[in-house]
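Read the structure below first, then the notes.
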Amino acid sequence: MLDQRLLRDNPERIAAQLARRGVTIDLSGLQQIAREERNLEQQRSTLQAEGNGIGKQVGQLIQGGANPDSPEVRALREAGNRLKQQVAVLEDAEKSLEIQLREQLLTLPNLPAAETPDGRDERDNIEVLRWGTPRQSAAGETLEEHWQIAERLGLFESERSVRIAQSRFVTLMGAGARLERALISFMLDLHGRKGYQEVMPPILVNSASLTGSGQLPKFAEESFRCAEDDLWLTPTAEVPITSLHRGEVIAADALPLKYVAHTPCFRREAGSYGRDTRGLIRLHQFNKVELYWFCHPDHSAAAHQQITADAEAVLQALELPYRKIELCSGDLGFSATRTYDLEVWLPGAAAYREISSCSVCGDFQARRSSIRFKEGKHTQLLHTLNGSGLAVGRTMAALLETGQQSDGSVRLPAALAPYFGGAVINPPQ
RNA sequence: GGAGAGGUGGCUGAGUGGUCGAAAGCGAACGACUCGAAAUCGUUUGAAGGGCAACCUUCCGUGGGUUCGAAUCCCACCCUCUCCGCCA
């Protein structure tokens, strides 16, 4: 959520920044509301001060022995009543403006950081670097896509999963299930050694949590919902982790708080009919290991570099070639001010695919969730960052395509062997 | 699901309808003592909004109500805890 003071004083600046995202909006109406609200607040508080004075007078008179029914006291009581009515009217008007204002502010995305390059959509994103040598098919060699490999090796069931749930769900089987588990443990351990505290949060989250991290109110159609209970299946661990400290004031010297969590993530993938229908790339339920920082505003830019490096470290340890993309202003997610995407090379598909997104959200989520820190006497909003480290299913896809051998087996990176219990997946006998 | 108890500041925990934003303790900050530290003593220490200085308003789970005045009384809701039942 954006700062109301900035809205009152300088809506042009907000509009200019939102324009970089491709959001054109006239904020003069909102500014009016914000100013009118402040105006009412001032009037109301003056009247309340008057009323408090009357209350105090009455109290003193009665304690001093005055008759509660004396004309003097009665006159004061009547004055108090009149004030109370006036205050009630102002209060109602003020409250309705406040609600309007908040409702509308909650639908506005975050402002892009100064460093974020301008652009309209993903075509304007900037490639920052490439790591590793992408595997290309040798002469006469055909590289399979991961779902072909997985089917051949019996790593998952897709058709039977439709029976269990519906399309876009898979059941990992045998070595496939074991590899998923190995990857989760491997990632958690790797990040744990770098100072991230491991957490396993609820994956059903309430509306307040989704609002706090920015998924509501605008993106309700992206999440699965248990309507009876005001609970939703979390689309990312970013949601429960943000709310882990919702409403708190944290001591400055406790920052940064760094968390890593593995959770299943649930997304409706509305509007992606027909895309990535096979395999592990786009599912309603997938595993993800998420990195999350609560940090001091002065350190968030550096933290963004670090959290991205921590995600890259997983790809490097798994020997998976990737490239790092900086998103342009038009391609940023709702809550982000600046984002790096990591795209892993899929040799079978001969394409880079997103496997991690590392964003700094400034105070946007902190304001929605009221998460502050205290430094000396001052309490102020902190900054939040999140990054996938990594999306597990897509990691498996990359490993299968990268490690595929001409004999039909798949070779896994050495780092994974202790977790998986071997470095090769062989075809079934 | 049934019965009971309770929700107060960073934490623990008092609170009779009338200077209660709230005792006390802990924690924290500063100062004194000390070569330094501990201990001790003293002072300070909640948040949001508005003016941005004095100051004003609001906030004791949430929302209503009674009253000149509510942390305190009334109503509804939410949540937590304990016991029982059920259950991995």
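- Straight-line distance between the P atoms of B:G36 and B:G9: roughly 40 Å, to the nearest whole Å.
- Nucleotides B:G61 and B:A54 place their C1' atoms 35 Å apart, quoted to the nearest Å.
- With both ends at atom C1', the span from B:U72 to B:A22 equals 12 Å, rounded to whole Å.
- At whole-Å resolution of the value, CG in A:Asp92 and P in B:G63 are 14 Å apart.
- Between B:G51 and B:C73, the distance separating the two C1' atoms is 36 Å to the nearest Å.
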From CA spacing to verdict: side chain to side chain contact (heavy atoms under 4.5 Å, CB included), A:Cys226, A:Leu233 | CA-CA 8 Å; A:Cys226 318; A:Leu233 278 70; 3.8 Å; yes
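- For the OP1/OP2 pair of B:C68 and a distance below 4.0 Å, the side-chain nitrogens and oxygens of A:Arg82 include no atom meeting the criterion.
- The A:Gln42 side chain lies nearest to B:G51 when the options are B:G69, B:A47, B:G51.
- Closest to the A:Thr379 side chain, of the nucleotides B:C56, B:A48, B:G18, is B:A48.
- In this structure, the CD atom of A:Glu41 is 8 Å from the P atom of B:G51, given to the nearest Å.
- For the OP1/OP2 pair of B:G69 and a distance below 4.0 Å, the side-chain nitrogens and oxygens of A:Asn52 include no atom meeting the criterion.
- Rounded to whole Å, the distance from CD on A:Gln60 to P on B:C68 is 18 Å.
- In this structure, B:A32 and B:U40 make a Watson-Crick or G-U wobble pair, each of the two defining distances being under 3.5 angstrom.
- Contact between the side-chain N/O atoms of A:Arg44 and the OP1/OP2 oxygens of B:G49 is not found at any separation under 4.0 Å.
- Across B:U57, B:U19, B:G18, the shortest atom-to-atom separation from the side chain of A:Gln48 is found for B:U57.
- Taking the C1' atoms as reference points, B:G7 lies 14 Å from B:U12, given to the whole Å.
- As rounded to the nearest Å, B:G42 and B:U16 have P atoms that lie 29 Å from one another.
- In this structure, A:Arg8 reaches the B:G50 phosphate: one of its side-chain N or O atoms is under 4.0 Å from OP1 or OP2.
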Could you check A:Lys324 against A:Glu343 for salt bridge (charged side-chain N to carboxylate O under 4.0 Å, His left out), going step by step and ending with a plain yes or no?
-> CA-CA 6 Å; A:Lys324 179 176 170 184; A:Glu343 297 183 344; over 6 Å; no
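- Separating the CD atom in A:Glu238 from the CG atom in A:Leu210 is a distance of 10.0 Å, to the nearest 0.5 Å.
- The aromatic ring centroids of A:Phe294 and A:His383 lie 6.0 Å or more from each other.
- Each of A:Val249 and A:Thr46 lies near RNA chain B, and the nucleotide nearest A:Val249 is the one positioned closer to the 5' end.
- Summary of the strand contacts: A:Gln380 and A:Ser45 both lie near RNA chain B, and taking for each the nucleotide with the nearest heavy atom, the more 5' one is attributed to A:Gln380.
- As a whole-Å value, the separation of A:Gln86 CD from B:U57 P is 16 Å.
- Closest to the A:Lys374 side chain, of the nucleotides B:G46, B:C56, B:U67, is B:G46.
- Atom CZ of A:Arg77 and atom C1' of B:U66 are 14 Å apart (whole Å).
- Among B:C56, B:G69, B:C68, the nucleotide with an atom closest to any side-chain atom of A:Lys84 is B:G69.
- Note on A:Ile62: a base of the nucleic acid sits closer than 4.0 angstrom, heavy atoms only.
- In this entry B:G27 has B:U45 as its Watson-Crick or G-U wobble partner, both defining distances falling under 3.5 Å.
- Considering only the side chain of A:Ala49, B:C56 comes nearest among B:G51, B:C56, B:A48.
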Working for side chain to side chain contact (heavy atoms under 4.5 Å, CB included), residues A:Leu183 and A:Phe420 | CA-CA 8 Å; A:Leu183 281 169; A:Phe420 180 68; over 6 Å; no
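- When Watson-Crick and G-U wobble pairs are counted only if both distances are under 3.5 Å, B:A14 pairs with no nucleotide at all.
- No more than 12 heavy atoms of other residues, nucleotides or ligands shown are found within 6.0 angstrom of CD on A:Gln32.
- In this structure, the nucleotide among B:G69, B:U58, B:C52 sitting nearest to the side chain of A:Arg5 is B:C52.
- Rounded to whole Å, the separation between the C1' atoms of B:G10 and B:G49 comes to 22 Å.
- Taking atom CD of A:Glu248 as the reference point, atom P of B:A48 lies 15 Å away to the nearest angstrom.
- When both distances must be under 3.5 Å, the Watson-Crick or G-U wobble mate of B:G1 is B:C84.
- Rounded to an integer number of Å, the gap from CG of A:Asn206 to C1' of B:U80 is 15 Å.
- Out of B:G51, B:A47, B:G18, the shortest distance to the side chain of A:Arg372 is found at B:A47.
- Here, B:G4 and B:C59 have their C1' atoms 31 Å apart, quoted to the whole Å.
- At the phosphate of B:G64, OP1 or OP2 sits under 4.0 Å from a side-chain N or O atom of A:Lys95.
- Across all strands shown, B:C77 forms a Watson-Crick or G-U wobble pair, both distances under 3.5 Å, with B:G61.
- B:A54 makes up no base pair with any nucleotide shown, lacking Watson-Crick or G-U wobble contacts both under 3.5 Å.
- The only option from A:Leu280, A:Leu172, A:Ile425 that meets the side chain to side chain contact (heavy atoms under 4.5 Å, CB included) definition with A:Leu155 turns out to be A:Ile425.
- Under the 4.0 Å criterion applied to side-chain N and carboxylate O atoms, A:Arg275 and A:Glu269 are not assigned as salt-bridge partners.
- Figure legend. B:U66 is base-paired to no nucleotide; pairs are counted as Watson-Crick or G-U wobble with both atom distances under 3.5 Å.
- Atom CG in A:Asp9 sits about 9 Å away from atom P in B:G50, given to the nearest Å.
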